[in-house]
Amino acid sequence: MTDLIVKAAVKEQLDGMNVAVDFYDALDEEVAELLEDAARRAEANDRKTVQPRDL
């Protein structure tokens, strides 16, 4: 699986919070699913460009 997230950026965004090691893998999977769904919506609308409305 490709790493879709930047761990340092996630840690920075969650400033003051501890982050479990397996959180990053779970977040990466969620992002991958979100991207796949957005791509499917764009294709269903005969577009090759993924737009914010596809989220």
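Owing to the predicted nature of the structure, the values given are computational and were not obtained by experimental measurement. These numbers come from the heavy atoms of this one structure, side chains and all, not from hydrogens, waters or symmetry mates.
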Please test V10 against Q13 for side chain to side chain contact (heavy atoms under 4.5 Å, CB included), starting from the C-alpha separation and ending with a verdict. CA-CA 5 Å; V10 172; Q13 184 67 33; 5.7 Å; no
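Smallest separation of non-hydrogen atoms from A38 and V50: CB-CG1, 3.8 Å. Minimum heavy-atom separation, N18 to K11: CA-NZ, 4.0 Å. Here the shortest heavy-atom pairing between I5 and D28 reads N-OD1, 3.2 Å.
In terms of modelled atom types and a separation under 3.5 Å, the side chain of N45 and the main chain of R41 share a donor-acceptor contact. At distances below 3.5 Å, not a single donor-acceptor pair connects side-chain atoms of D25 with backbone N or O atoms of D22.
Distance check: D54 CG to L34 CG gives 10.5 Å after rounding to the nearest 0.5 Å.
Note: the hydrophobic cluster containing M17 also contains L27 (ILVMFWY, side chain heavy atoms under 4.5 Å, direct or indirect links). Residues Y24 and V6 do not share a hydrophobic cluster, defined by chaining ILVMFWY side chains whose heavy atoms lie under 4.5 Å apart. A continuous path of ILVMFWY side-chain contacts below 4.5 Å connects V31 to F23, so both sit in one hydrophobic cluster.
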